[in-house]
2 protein chains.
Amino acid sequence: MSINAYKPKEIKSLSRIFKILGEPNRLKILTSLGLECRPVSAIVASTGLTQTNVSFHLRVLREAGLVKAEKNGSFVFYCLPEPELRVIIDHFQYWNSSSTSTKKN
Amino acid sequence: MSINAYKPKEIKSLSRIFKILGEPNRLKILTSLGLECRPVSAIVASTGLTQTNVSFHLRVLREAGLVKAEKNGSFVFYCLPEPELRVIIDHFQYWNSSSTSTKKN
DNA sequence: GGTTTATATGCGTTAATACTCATGTGCGTA
DNA sequence: TACGCACATGAGTATTAACGCATATAAACC
């Protein structure tokens, strides 16, 4: 395994994504989504957050390209652009759940 | 691919890790480490951050179990506890670098 | 055209946190 | 014991960002 240093741009870009995922409600919203797009009201219902708050976070996710928005009449449907992100997050979660039990000092 | 919802505890625990990695200097410090432990002064030198700042971030990383500290005389050596975390971060970065070119609005 | 529904946004407040400066602690060495 | 080096930490400050409220926009329906 090679440990090669990250370039400043990579650090900046990658940390921006981690910061976005680091907000619990945002992660909740994102992980509640699949590839099938759902209207905001459904996200509000399933997360229990206020509409304002969901809209606020969806904007952040959208502007980062982490979710995709599709207008349909007066509805706006949100979903993951591609499954990859969710797969990686799942990997992270798997690592997290197994490493916490092996935690050292 | 199955999209199963995350439990509140998983969201909390996972977002905490993402938040930690979401700080650019912290990510910089973490990705500058390998499995071979290095003293704080070396981290300070390679990152260009102040000693106080590095210590501040190392504490956060250490308390989260993301880095391991080994005392040796008046030195404290820091390194990754296991290579897994770095591998996952690398996956993330790979996804990030390839998805930005394919970015949809 | 007016009303309801779905979502977005501007503003003000509050809480979290990254940072610096100064100082503390602990180990090694003269 | 006294001094120097490596690192940690407490206090204070400033920036950021999440949240709620009120309101705006925009589409659907009467």
Side-chain angles (χ1 to χ4, degrees), chain A residues 8 11-33 36-80 105, chain B residues 8 11-33 36-80 105:
Chain A
I11 292 288
K12 194 175 176 184
S13 148
L14 192 53
S15 65
R16 189 177 295 142
I17 293 180
F18 282 140
K19 177 173 280 181
I20 290 175
L21 300 179
E23 214 294 315
N25 288 334
R26 216 142 45 202
L27 186 60
K28 191 179 190 179
I29 290 171
L30 191 72
T31 57
S32 79
L33 294 176
E36 332 79 48
C37 299
R38 307 170 62 209
V40 176
S41 51
I43 301 172
V44 169
S46 73
T47 58
L49 304 172
T50 65
Q51 181 266 318
T52 303
N53 199 9
V54 168
S55 265
F56 170 74
H57 287 306
L58 281 175
R59 163 143 82 156
V60 177
L61 292 166
R62 177 173 15 102
E63 289 178 346
L66 301 182
V67 301
K68 186 176 57 170
E70 287 177 359
K71 289 199 71 169
N72 188 335
S74 59
F75 291 81
V76 181
F77 289 74
Y78 283 90
C79 51
L80 301 178
N105 78 316
Chain B
I11 292 287
K12 195 174 175 184
S13 150
L14 192 54
S15 66
R16 190 177 294 143
I17 292 180
F18 282 138
K19 177 174 280 181
I20 289 175
L21 300 179
E23 214 296 312
N25 288 336
R26 214 141 49 200
L27 186 61
K28 191 178 189 180
I29 291 171
L30 191 73
T31 57
S32 79
L33 294 177
E36 331 78 48
C37 299
R38 307 170 63 209
V40 176
S41 50
I43 301 172
V44 169
S46 72
T47 58
L49 304 173
T50 65
Q51 180 265 319
T52 304
N53 200 8
V54 169
S55 267
F56 170 74
H57 286 305
L58 281 175
R59 164 143 81 155
V60 177
L61 291 167
R62 174 171 18 99
E63 290 179 346
L66 301 182
V67 301
K68 185 176 58 171
E70 286 177 0
K71 290 198 71 168
N72 187 335
S74 60
F75 290 81
V76 181
F77 289 74
Y78 283 91
C79 52
L80 300 179
N105 74 314

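Protein chains get the first letters and strands the later ones, always in sequence-line order, with residue 1 at the start of each.
- Rounded to an integer number of Å, the gap from A:Ile43 CD1 to C:dT7 P is 9 Å.
- Using a 4.0 Å heavy-atom cutoff across all strands shown, A:Lys71 reaches no nucleic acid atom at all.
- Residue B:Leu58 contributes atom CG, which lies 13 Å from atom P of C:dA18 at whole-angstrom precision.
- For the atom pair CG (B:Leu30) and OG (B:Ser32), the distance works out to 8.0 Å, reported to the nearest 0.5 Å.
- When each of B:Ala42 and A:Gly73 is assigned the nucleotide of DNA chain D with its nearest heavy atom, B:Ala42 is the one assigned upstream, toward the 5' end.
- What separates CZ of A:Arg62 from P of C:dT9 is a distance of 6 Å, to the nearest Å.
- Within the structure, every side-chain polar atom (N or O) of A:Tyr78 is placed at least 4.0 Å from both OP1 and OP2 of C:dA6.
- Dashed line: the shortest gap from a side-chain N or O of A:Lys19 to OP1 or OP2 of D:dA17 is under 4.0 Å.
- Residue B:Gln51 places no side-chain atom within donor-acceptor reach of the base of D:dA6, judged by atom type and a 3.5 Å distance cut-off alone.
- Listed candidates were C:dT9, D:dA17, C:dA18. Nearest to the side chain of A:Ser55 is C:dT9.
- Taking atom NZ of A:Lys28 as the reference point, atom P of D:dC19 lies 11 Å away to the nearest angstrom.
- Counting heavy atoms from C-beta on, the side chains of B:Ile43 and B:Leu49 never come closer than 4.5 Å.
- In this structure, the nucleotide among D:dA18, C:dC27, D:dA27 sitting nearest to the side chain of A:Ser74 is D:dA27.
- Atoms CZ (B:Phe56) and P (D:dA11) sit 15 Å apart, rounded to a whole Å.
- For B:Val76, counting side-chain heavy atoms from C-beta on, the closest listed nucleotide (C:dA8, D:dC7, C:dC19) is D:dC7.
- If you take CZ of A:Phe75 and C1' of C:dT5, they are 8 Å apart, rounded to a whole angstrom.
- Separating the CD atom of B:Glu70 from the P atom of C:dC27 is a distance of 16 Å, rounded to the nearest angstrom.
- Checked against D:dC19, C:dT7, D:dT9, the side chain of A:Glu23 finds its nearest nucleotide in D:dC19.
- Of all non-hydrogen atoms in A:Ser15 and B:Glu23, the two that sit nearest each other are CB-C, 4.3 Å.
- The side chain of B:Asn25 lies closest to C:dC19, out of C:dC19, D:dC7, D:dA8.
- If you take CG on A:Leu80 and CG on A:Leu66, they are separated by 9.0 Å, rounding to the nearest 0.5 Å.
- At the heavy-atom level, B:Phe77 lies nowhere under 4.0 Å from the strands shown.
- Straight-line distance from the CG atom of B:Asn53 to the P atom of D:dA14: 17 Å, rounded to whole Å.
- Between D:dA17 and A:His57, no contact under 4.0 Å exists linking OP1 or OP2 to a side-chain N or O.
- Rounded to the nearest 0.5 Å, atoms CZ (A:Arg26) and CZ (B:Phe18) are 12.5 Å apart.
- Annotation: side chain of B:Asn25 is not in contact with side chain of B:Thr47 (no heavy-atom distance under 4.5 Å).
- Distances shorter than 4.0 Å separate none of the side-chain N or O atoms of A:Arg59 from OP1 or OP2 on C:dT7.
- The side chain of A:Thr52 has D:dA22 as its nearest neighbour among D:dA28, D:dC19, D:dA22.
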